[in-house]
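Just so we're clear, the structure is a prediction, and the values are computed from it rather than from any experiment. We count residues from 1, following the sequence as given.
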Amino acid sequence: MAKLSEYERKRDFGKTAEPAPSKGGGKRKGAPRFVVQQHDATRLHWDLRLEHDGVGVSWAVPNGIPLDPSENRKAVHTEDHPLDYMTFAGEIPKGEYGAGTVEIWDSGTYELEKWRDDEIIFSFEGNRLRGRYVLFQAGSANDWMIHRMDPVEGNPDPYPDPVPPMLANESVMPTSTRGWAAELAWGGVRAIARCRPGRLDLRDAELADIGARWPEVHRLTRQIGAHDAVLDGELVVFDEAGRPDRERLARRAKDGSDSAIRRRARENPATYVIFDLLFLDGEDLTDTPYRRRRELLAGLGLGGEAWRVPANAKTKIKELLAAAAGQGVDGLVIKKQSSLYAPGRRTGEWLHVRAEGALDAAEAGPTRAGITSTAEPIDKKKARLLVEGRELTVSNLTKVLYPAVGFTKGDLIDAYGDLAGVLLPHLRSRPVTLKRYPDGVDGKFFYEKRSPKHRPDWVATARIWSESHKAEIDYTLIEDLPTLVWSANLANIELHTSLARIGDLDRPDSMVFDLDPGAPADVIDCAGIALRLRAFFAQLGLDSYAKTSGSKGIHLHVPLGGTATFGESRPFAKAVAETFEARFPDEIVSRQTKTKRTGRVLIDWSQNDRHKITAGVYSIRARERPTASTPLEWHEVEAAAESGDADSLVFTIDDLRARIAAKGDLYAPLLSQKQDLPDVSV
């Protein structure tokens, strides 16, 4: 048959089980048939075939047949197929055209309204597909679109936007576990996955798009097939023994270039551990009991190289809790089987219960024997800690402040204890504004300029005029290790300080330029600007030093040592920023106007002010992971700018510990170096 010559040319019927054209395979009586075949080939797609003039006229639809009339989907016109293909399902062998698995997703008849060379209007009468559709040419002979023309009953898509995950309350085991179900608490990165045909949208607990960091999970859409589903789970990296490994997970959670992400995925592959189903094929399941949601989730039959659905336990839950610590997890999440899904909320119907062994280990401190390892328990929440002769009461040491990696308040105290040797010289005599995160980095924070009234009497303060309070208030001074530990125990994650010391608050120790990228610009763009600024200052005879902000950008400091006032350094810094903006208008802005920052680096000079604060050197930052503001050597900045490797300018607490041991305090010159601002016009 002439119409099937292209079909025959592409296939070796001695190797493939696909039907060869037959002489009796022409026109047939009755309503014309259709079939949609799910084809898992090089890429998962759906093949639509309409019976017409004795053949199956065919289109490949990459993202499945649209159910919603608000969207058009691409349909690629392919060669005609014999009518026997309308019932074909099976394996096309490797090496053959279209190699992969073919399954019948839906079939039935259709009612034809119009058939032209460039437009076909028809109505599906299938098991899954019902409705009026149009196929229309949208470009070359093979480029078509498919569109649903009639309205859909109800709301086909109650989740057009990402859904924040439901949260669990920290708790103890209920007296009775009847009516509850338990899941292991993996301590991974919480992730909501929206799966649509051929597409995956992956979001973290803050609804940030993290799909690019976890490429191995995207093949999940092949198994989901034509379903439209929203899943809830955690991204976990396991060690060789099958236990969750938080250090490897932290390395995977970094941003980076595509090649760096692929390399880390090969070295430390992740698994998406799925435990809930929020939406399935047009049905909102959040008002459906957890028991039923799990049944529907099990019905999807999900399980692959980078995803799985572990069973939940409905009996012997207390025994499972006792065994949890030995499995490398910190406990269980137990859920009422009748619980509904409350996006972004804690209802008390999901409980996070820690395993006793995990709790003891957390209270004992990390294996490196941090400062909290000597804490003596007072009760379940509080402990007594002796630091350089000062007695402190610390609390909730096991409270997780960084959910993505399980970093606790005890870890924060230990980290600042380890950094104290290099950190305290930069803090002494400098007013500190506390930035507290009582519910961790995913919760709300608040700034606290006025030193808390409940502070120990040995915490030093300085009475200073506050522009925001319009009054003199007592600022906290962190002069010693006990005060640093007390500050960390308040969940004061970040240390924001003045550029000047209390001896002369009008004369800064340094001039600072905060290089802040506006997406899609990033820290690599900041590195390039920092190098230009360094060269500029070198021409003026001034040394300059760089550190990561610990967040998105780079801070560049020019030591002054109190030789200039803010009245002199502020206009100088402003003039520098404006000069660079004038020279490089496509790359740099000097004002914080959001509309002008896209794709450019802001040189923020405004922090050169007596009443402004900036994140200090060695401050830990409240990001997804505990990164820190880290001093850099200029050759490191040059290497990063040359390679484009943004990861080389990201340092966690553990990275910083190792750097200090190897390099000492790279910001030590800021403590003593005196430089005069040149009396020139910049």
Side-chain angles (χ1 to χ4, degrees), residues 160-162 164 189-192 194 199-215 217-218 235 250-262 264-265 402 404 441-442 445 494 512-533 546-556 577-578 580-581 583-607 614-615 619 621-630 632 637 640-652:
D161 298 316
V189 174
R190 191 73 175 274
I192 299 289
R194 175 159 188 192
R199 290 173 288 175
L200 178 73
D201 180 75
L202 197 63
R203 305 276 173 155
D204 66 13
E206 297 178 345
L207 303 185
D209 186 348
I210 58 172
R213 297 182 203 164
W214 312 94
V217 179
H218 286 255
L235 293 156
R251 291 197 287 271
R252 279 303 311 277
K254 291 181 177 181
D255 287 323
S257 63
D258 290 345
S259 60
I261 287 171
R262 288 194 298 269
R264 291 198 294 264
Y402 291 78
V441 297
D442 291 343
F445 65 86
E494 299 189 352
V512 65
F513 298 87
D514 182 357
L515 309 184
D516 188 8
D522 61 10
V523 71
I524 295 300
D525 297 286
C526 294
I529 305 303
L531 290 168
R532 294 181 200 174
L533 284 168
K547 67 181 179 74
T548 69
S549 67
S551 181
K552 299 179 296 181
I554 288 178
H555 293 166
L556 185 140
E578 290 177 343
F580 270 72
E581 179 181 32
R583 291 180 183 174
F584 310 103
D586 294 334
E587 301 175 60
I588 295 171
V589 294
S590 63
R591 289 160 291 179
Q592 304 215 18
T593 308
K594 289 186 178 180
T595 56
K596 295 186 177 182
R597 292 188 56 189
T598 302
R600 297 177 174 87
V601 173
L602 168 68
I603 300 182
D604 186 358
W605 52 270
S606 66
Q607 295 172 34
T614 190
S619 172
R621 303 306 300 270
R623 306 290 291 172
E624 184 181 52
R625 297 175 295 123
T627 53
S629 182
T630 304
L632 299 167
V637 182
E642 183 175 340
S643 68
D645 184 3
D647 290 346
S648 66
L649 297 178
V650 178
F651 301 95
T652 64

Student: Considering non-hydrogen atoms only, spot the tightest contact between Ala530 and Ile554 and give its length.
Tutor: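 Heavy atoms of Ala530 and Ile554 come nearest at CB-CG2, 4.3 Å.
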Student: Keeping Arg597 on the side-chain end and Val589 on the backbone end, is there a donor-acceptor pair under 3.5 Å?
Tutor: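 The answer is no, because no donor-acceptor pair under 3.5 Å joins these two groups.
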Student: Are the side chains of Lys552 and Arg623 in contact, using a 4.5 Å heavy-atom criterion?
Tutor: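 The answer is yes; the side chains approach within 4.5 Å.
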Student: With side chains defined as the heavy atoms from C-beta onward, is the minimum distance between Pro517 and Leu602 less than 4.5 Å?
Tutor: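 Of all side-chain heavy-atom pairs linking Leu602 with Pro517, none is under 4.5 Å.
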Student: Of the non-hydrogen atoms in Ala527 and Ala641, which two are nearest, and what is the gap between them?
Tutor: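 Nearest pair, atom of Ala527 first, then Ala641: CB-CB, 4.2 Å.
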Student: Do you know which two heavy atoms are closest between Ala615 and Lys547, and how far apart they sit?
Tutor: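 What the structure gives for the nearest pair is O-NZ, 3.1 Å.
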Student: Can you tell me which residue among Val523, Asp522, Ile529 is in a side-chain contact (heavy atoms from CB on, under 4.5 Å) with Val601?
Tutor: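 With Val601 as partner, Val523, Asp522, Ile529 yield a single side-chain contact (heavy atoms from CB on, under 4.5 Å), made by Ile529.
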Student: Any donor and acceptor pair, going by atom type alone, linking the side chain of Ser629 with main-chain N or O of Thr548 inside 3.5 Å?
Tutor: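 Yes.
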Student: Would Leu556 and Leu533 satisfy side-chain contact (heavy atoms from CB on, under 4.5 Å), going step by step from the backbone distance to the final call?
Tutor: CA-CA 8 Å; Leu556 185 140; Leu533 284 168; 4.0 Å; yes
Student: Are side-chain N/O atoms of Ser257 and Ser259 paired as donor and acceptor at under 3.5 Å?
Tutor: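 Per modelled atom types, Ser257 and Ser259 side chains form a pair under 3.5 Å.
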Student: Looking at Asp442 and Ala205, what are the two nearest heavy atoms and their distance?
Tutor: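 Looking at all heavy atoms of both residues, the shortest contact is OD2-CB, 4.5 Å.
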Student: Do Asp201 and Arg203 sit within salt-bridge range, that is, some charged N less than 4.0 Å from a carboxylate O?
Tutor: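 Counted as a salt bridge, because a side-chain N and a carboxylate O are separated by less than 4.0 Å.
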Student: At what distance, to the nearest 0.5 angstrom, does OG1 of Thr652 lie from CZ of Arg251?
Tutor: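 If I round to the nearest 0.5 Å, the distance is 9.5 Å.
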Student: Say you draw a straight line from CG of Leu632 to CZ of Phe651; how long is it, rounded to the nearest 0.5 Å?
Tutor: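 Result: 5.5 Å between the selected atoms.
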Student: For residues Ala640 and Ile524, report the shortest heavy-atom separation together with the two atoms involved.
Tutor: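 Closest heavy-atom pair between Ala640 and Ile524: O-CD1, 3.4 Å.
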Student: Determine yes or no for a side-chain-to-main-chain donor-acceptor pair under 3.5 angstrom, with Arg252 supplying the side chain and Arg213 the backbone.
Tutor: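 Side chain of Arg252 to backbone of Arg213, a donor-acceptor pair under 3.5 Å: yes, one is there.
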Student: Once you round to the nearest 0.5 Å, how far does SG of Cys526 lie from CD1 of Ile588?
Tutor: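 Rounded to the nearest 0.5 Å, the SG-CD1 separation comes to 10.0 Å.
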Student: Under the side-chain contact (heavy atoms from CB on, under 4.5 Å) rule, what do Ile603 and Leu515 come out as? Steps first, then yes or no, please.
Tutor: CA-CA 5 Å; Ile603 300 182; Leu515 309 184; 3.9 Å; yes
Student: Please say whether more than 12 non-hydrogen atoms of neighbouring residues, nucleotides or ligands are located less than 6.0 Å from CZ in Arg199.
Tutor: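 Enclosed: over 12 neighbouring heavy atoms sit under 6.0 Å from CZ of Arg199.
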Student: Any donor and acceptor pair, going by atom type alone, linking the side chain of Arg621 with main-chain N or O of Ser549 inside 3.5 Å?
Tutor: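 Here the side-chain-to-backbone pair exists.
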Student: Which heavy atom of Ala265 sits nearest a heavy atom of Pro215, and at what distance?
Tutor: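 That would be CB-CG, 4.2 Å.
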Student: Below 4.5 Å, heavy atoms only, C-beta onward: do Phe445 and Glu494 meet side chain to side chain?
Tutor: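 Not in contact.
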Student: So, does Thr627 use its side chain to make a donor-acceptor pair with the main chain of Gly550 at under 3.5 Å?
Tutor: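 Yes, the answer is positive, given that a donor and an acceptor are paired below the 3.5 Å cut-off.
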Student: Taking the six-membered ring of Phe584, is the NZ or CZ of Arg532 close enough (under 6.0 Å from the centre) and on axis enough (within 45°)?
Tutor: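 Because its charged atom sits under 6.0 Å from the ring centre and within 45° of the axis, Arg532 does stack over Phe584.
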Student: Between Glu581 and Arg600, is there a side-chain N and carboxylate O pair less than 4.0 Å apart?
Tutor: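 Judged by the 4.0 Å cut-off on N to carboxylate O distance, Glu581 and Arg600 do not form a salt bridge.
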